[in-house]
**Q** 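Let me give you the structure first, and then I'll get to my questions.
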Amino acid sequence: MFQVKSFSATSATSPLSPMTIERRDPKASDVVIEIDYCGICHSDIHTARSEWGPTNYPCTPGHEMVGRVVRVGSKVKRFKVGDFAGVGCLVDSCGKCSNCKSNEEQFCSTPVFTYNSVELDGVTPTHGGYSSHITVKEKFALKIKKGQDLKRVAPLLCAGITTYSPLKRYKVKKGSKVGVVGLGGLGHMAVKIAKAMGAEVTVFSTSANKEKDAKKLGAKNFVHTVNPDNFLPYALKLDLIIDTVSAQHDFSPYMSTLKMDGTHVLVGAAPEPNQIAAMALIAGRKKLTGSLIGGIKETQEMLDFCAKKKVLSDIELISVSEINSAYERTIKSDVKYRFVVDNKTL
Ligand code: NAP
Ligand code: ZN
Ligand code: ZN
């Protein structure tokens, strides 16, 4: 074991603060990564504040980390010391169940998430990327291509894969009409990735002041959702909606913009139940579904896709001491478009 610095939550109501956590020495198939940057996902906030149910404290959030490999176990094949590597939302899984076997480790019957989870030994708590180092099985470490701006790559490890996965699953291609609901961390990646896949993108936002940015990010259309009349020109126009909203909202108006058989994918995970009028689904045989991050193989595919298409996150780089205020600003939808922590400031 070795001790590393972290910035962690000790209760649902207290601000995050500096702590020391333990990381394991690398086993044969592990790598140790010195973390350079870690994005702040809204899931970090939901978890730090026990919004999805009781969190185990202390909790060190952060599942969008990139850095350099500094130690490797004796059986590690894909990484050597000095390589760039990333870690997303998963650090282990059983490897034996049907979902693991089909490269969907996020749906393993015993997934090990990067934080607020327990290792497969059943006792060791996991801690995330608001820390200086992480020890992880090489299988769950992602290759990051050299020459990219690492701090802008970090958010791909969650916001990137969470939006790439449903865009790919629902076969977005040149000419597809995609709606993106909520222009935050996930939303802005959904716009960029859908655009890179050739889609025509419509952003639905509660923030009128984001229209210029939405278009700069690649959207063709912008709908300010506060006025229901603004939905009317988009009736029956879209093939797919990626809904990234982090708070309770009514899905029905968005459904009205889907074509027959269109699909509304929830990735935003509001803690409270949402609303949907039955008729919004019945008319047009529309589908409402969800999507959880993506498997490790697909995450690597997404990173390679983004490297090739030069898709990066738009970020605000902050020091560790600014994490608590960044949480408040994220909740107010005041972020352009992902906060990324410079881990050197730990
Ligand atoms: P974020 O940066 O805070 O973005 C969420 C956006 O939702 C806001 O920028 C805002 O966009 C919109 N919004 C906020 N409150 C709203 C409200 N009351 N009504 C309507 N729109 C509202 O958050 P994020 O990091 O992108 O995460 C978004 C959600 O996805 C969170 O719930 C997170 O936990 C979840 N998530 C899920 C997965 C998964 O695997 N499914 C992975 C990562 C994150 P506008 O200003 O444009 O309206
Ligand atoms: Zn996340
Ligand atoms: Zn499994």
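We count ligands from 1, going down the list as the structure has it; atoms in each ligand are counted the same way.
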**Q** Val267 versus ligand 1: do any nitrogen or oxygen atoms come within less than 3.5 Å of each other?
**A**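 Looking only at distances, the answer is yes, because the N/O contact criterion of under 3.5 Å is met.
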**Q** Give yes if a backbone or side-chain nitrogen or oxygen of His42 is under 3.5 Å from a nitrogen or oxygen of ligand 1, and no if not.
**A**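 Checking ligand 1 against His42, an N or O pair does fall under 3.5 Å apart.
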**Q** Got the closest protein heavy atom to atom 17 (C) of ligand 1, with its distance?
**A**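 That would be Ala247 CB, 3.9 Å.
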**Q** I need the NE2(His63)-the Zn ion (ligand 2)-SG(Cys41) angle, rounded to 10 degrees.
**A**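 Between NE2 of His63 and SG of Cys41, at the Zn ion (ligand 2), the angle is about 110°.
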**Q** With the Zn ion (ligand 3) at the apex, how many degrees lie between SG of Cys94 and SG of Cys100, rounded to 10 degrees?
**A**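 SG of Cys94 and SG of Cys100 make an angle of 120° at the Zn ion (ligand 3), to the nearest 10°.
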**Q** Within the structure, does Leu183 bring an N/O atom to less than 3.5 angstrom of an N/O atom in ligand 1?
**A**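 There is such a contact, yes.
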**Q** Does ligand 1 come near enough to Ala269 that some N or O of the ligand is less than 3.5 Å from an N or O of the residue?
**A**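 So ligand 1 has an N or O lying under 3.5 Å from an N or O of Ala269.
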**Q** Quick one: does Lys143's side chain have a donor or acceptor within less than 3.5 Å of a partner on Gln300's backbone?
**A**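 Checking the backbone N and O of Gln300 against the side chain of Lys143, no donor-acceptor pair under 3.5 Å is found.
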**Q** Using a plain distance cutoff, I'd like to know if Gly185 has any nitrogen or oxygen under 3.5 Å from a nitrogen or oxygen of ligand 1.
**A**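 Such a contact does occur with ligand 1.
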**Q** Using a strict threshold of under 4.0 Å (side-chain N to carboxylate O), is an ion pair present between Asp83 and Arg78?
**A**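 Between Asp83 and Arg78 there is no salt bridge, as every charged N stays at least 4.0 Å from the carboxylate O atoms.
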**Q** Heavy atoms only, cut-off 4.0 Å: how does Thr244 contact ligand 1, side chain, backbone, both, or neither?
**A**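 Contact part for Thr244 vs ligand 1: backbone (N, CA, C, O).
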**Q** Salt bridge between Glu328 and Lys332, side-chain N to carboxylate O under 4.0 Å?
**A**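 Not counted as a salt bridge, because no side-chain N and carboxylate O are separated by less than 4.0 Å.
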**Q** Does Asp36 pair with Lys151 as a salt bridge, N-O distance under 4.0 Å?
**A**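 Lys151 and Asp36: not salt-bridged.
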